[in-house]
Amino acid sequence: MLKIYDSLTGEKKTINDSKVRIYTCGPTVYNYIHIGNARPLILADLVVKFLTFKEVKVKYLLNITDIDDKIINKAIEENVSEFDIAKKYSDAFFNDIENLNITLPTKVIPISSKLIEIIDFIEILIDKKYAYEVNGNVYFDISSLEKEYGELSKQKKEELNTGARVEQDFNKKNSGDFVLWKKTDKGKKWLSKWSYGRPGWHTECALLIDNFFTKPLDIHIGGIDLKFPHHENERIQYIAKNNKEIAIAWAYNGHLSINNEKMSKSLGNTILVKDFIEKYGANELRFIYLNSNYKQPLNITEELINQSIEWNNKIFNLLKLANWKIATKEVILNNQTPIDDDFDSYKYITKFKEFMNDDLNTPMVITLLEEMAKNINKQIKNKVLDKTLEKFKAILNVLGLSYKILDIDKKTKEKLLEWLMLLENKNYEKADIIRKKLQEGGII
Ligand SMILES: Nc1ncnc2c1ncn2[C@@H]1O[C@H](COP(=O)(O)OP(=O)(O)OP(=O)(O)O)[C@@H](O)[C@H]1O
Ligand SMILES: [Zn+2]
């Protein structure tokens with residue numbers, strides 16, 4: 001069974017195989033997403049694809065934060081409506097995740113569709129005395145769950161309270177109390193019994209998880225920068241409402257930096273997903289993530305990108321080679337493989353599952369793929385392929401690495417055969433002309 005490192009307890013938690021509930025905090029749609037934002041999305045996608053491969057049922061929810069100060073500010077800046085901004089960048093987001101070969105989550109919910117539920121949720125917290133209203137604003141009282149609050153980010157009460165000193169708000173009971181409902185006269189607002197206002201971001205995610213799932217999550221996924229205050233605040237609201245932990249495992253991806261500088265919008269050093277894909281490709285980004293431990297910080301460099309390009313080219317070329325060799329019967333696809341060979345390919349899948357079950361050890365999977373690639377190359381030389389190729393493709397699929405291998409039609413096959421014949425007859429000059437054409441067509 002899949003084991004995932006849980007950041008709350010510091011233990012690897014076993015994820016129950018019957019049905020797995022996953023949540024990832026989605027984008028605030030006021031800009032295009034950058035490759036740092038793609039890391040948690042690719043991590044979640046890896047878990048989803050792996051569990052699906054194991055025939056485990058997955059329920060995966062992703063939110064879209066389409067109510068936020070950043071959206072309002074952008075709308076003012078561009079002199080368009082908030083709706084226009086949210087629509088433009090939601091569409092761009094869906095485009096990006098498709099291009100990243102990310103399987104669409106079971107459900108993607110824009111938070112603006114859940115305002116009634118959010119208001120109800122906040123009312124429950126007030127009724128239960130975990131939240132209080134002052135002057136149209138509603139705050140969570142962190143002293144009401146003193147023991148639990150701070151456990152995720154491992155902070156003491158004093159630290160939590162001093163952290164908020166910069167934005168000292170004299171309405172609050174404790175300086176660390178955070179806002180659930182914010183009274184506002186700026187931007188889009190909704191009527192609640194407290195004021196015209198907007199929900200706080202932390203409440204959006206807590207509500208969605210509570211509203212969509214009947215049980216707590218198996219895995220909550222996100223970037224490490226969201227642990228505090230966002231996830232601490234999500235967690236405490238869920239505990240207040242349900243008297244239960246929100247998730248069995250909190251899985252965090254390490255932060256991405258670029259040339260040793262933290263990648264962030266404020267520093268202006270982000271690489272947008274769409275630009276990365278256009279320049280290098282989606283596999284090229286995925287490989288960089290897969291080849292490192294997801295929990296570790298990662299520094300993107302030119303060298304790392306080049307290494308990824310090289311690796312993907314190697315795999316692509318191998319798949320192309322096997323494809324045309326099989327089509328021209330230059331190698332035989334041996335489905336009646338001797339027991340030993342079949343055992344070999346079966347063994348690869350067993351190892352793959354072992355590595356993945358162990359907290360998604362993808363760097364080991366990459367090493368395994370390299371071993372398989374060597375074996376496939378050897379088999380091609382010997383003109384007989386066993387099921388290793390099939391398993392190799394299945395693993396690439398789970399990893400979300402996708403290569404455009406063209407089908408070889410009758411005409412192409414004839415060309416290939418002609419080329420091979422010319423080679424056999426040592427007519428290298430003519431063979432070269434055909435080889436070039438086949439290369440240009442992406443066949444070999
Ligand atoms: N540099 C990064 N490396 C890894 N993950 C990141 C990085 N920046 C953001 N994330 C992750 O992307 C997801 C979306 O977060 P968020 O919307 O806060 O992104 P952001 O780019 O930091 O935006 P903003 O600058 O508006 O706060 C979160 O899971 C967050 O942890
Ligand atoms: Zn969230």
Side-chain angles (χ1 to χ4, degrees), residues 7 22-45 47 60-74 77 85-86 89-90 92-93 96-97 100 102 105 108-111 114 118 121 152-153 178 180 199-213 217 219-238 246-247 250-273 276 285 288-289 292-300 304:
S7 199
I22 302 172
Y23 182 79
T24 306
C25 307
T28 305
V29 279
Y30 75 105
N31 211 333
Y32 296 104
I33 58 165
H34 58 75
I35 57 172
N37 303 138
R39 201 176 186 194
L41 297 169
I42 288 175
L43 173 62
D45 188 52
V47 176
Y60 172 29
L61 174 65
L62 179 79
N63 86 306
I64 293 215
T65 301
D66 59 348
I67 305 174
D68 196 275
D69 285 344
K70 290 172 192 158
I71 298 174
I72 299 170
N73 293 337
K74 184 95 172 190
E77 204 181 293
I85 294 292
Y89 293 108
S90 291
F93 171 71
D96 282 343
I97 61 170
L100 283 170
I102 287 174
V108 182
I109 305 185
I111 196 62
K114 293 283 174 193
I118 290 190
F121 182 86
L152 179 63
S153 52
F178 58 91
L180 311 187
W201 175 37
H202 315 309
T203 304
E204 298 180 357
C205 287
L207 173 277
L208 280 185
I209 294 166
D210 185 52
N211 185 255
F212 185 72
F213 297 100
L217 298 169
I219 316 171
H220 192 307
I221 294 174
I224 192 78
D225 56 315
L226 291 195
K227 190 186 264 194
F228 185 83
H230 183 54
H231 291 159
E232 193 75 70
N233 294 353
E234 260 185 39
R235 172 178 177 259
I236 208 68
Q237 291 173 84
Y238 189 93
I246 190 169
W250 288 90
Y252 283 104
N253 63 268
H255 216 67
L256 197 72
S257 49
I258 181 154
N259 301 322
N260 288 317
E261 198 176 40
K262 203 180 146 185
M263 186 185 291
S264 85
K265 286 183 196 135
S266 53
L267 287 171
N269 61 352
T270 57
I271 303 176
L272 299 181
V273 164
F276 192 99
L285 183 62
I288 291 173
Y289 292 155
S292 60
N293 182 309
Y294 74 88
K295 297 190 286 299
Q296 297 301 321
L298 183 62
N299 181 35
I300 292 267
L304 213 58

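When a ligand or atom number is given, it counts from 1 through the structure's own listing order. For clarity, every value in this text was computed on a predicted model and none was experimentally measured.
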With a cut-off of 2.8 Å, does C205 put an N/O/S atom close enough to the Zn ion (ligand 2)? yes
Any N/O/S atom of H202 sitting less than 2.8 Å from the Zn ion (ligand 2), backbone or side chain?
no
Provide the number and element of each atom of ligand 1 under 4.0 Å from a heavy atom of [X].
X: N253; value: 4 (C), 5 (N)
X: K70; value: 24 (P), 26 (O), 27 (O)
X: G223; value: 29 (O), 31 (O)
X: Y30; value: 24 (P), 25 (O), 26 (O)
X: L256; value: 1 (N), 2 (C), 3 (N), 4 (C)
X: G254; value: 4 (C)

Below 4.0 Å from ligand 1: does a non-hydrogen atom of S264 turn up there or not? no
Among N, O or S atoms, H230 approaches the Zn ion (ligand 2) most closely through NE2
H34 versus ligand 1: do any nitrogen or oxygen atoms come within less than 3.5 Å of each other?
yes
In this structure, atom 18 (O) of ligand 1 is nearest to the protein heavy atom L226 CD2, 4.0 Å
For the Zn ion (ligand 2), angle spanned by C25 SG and E234 OE2 (nearest 10°) is 110°
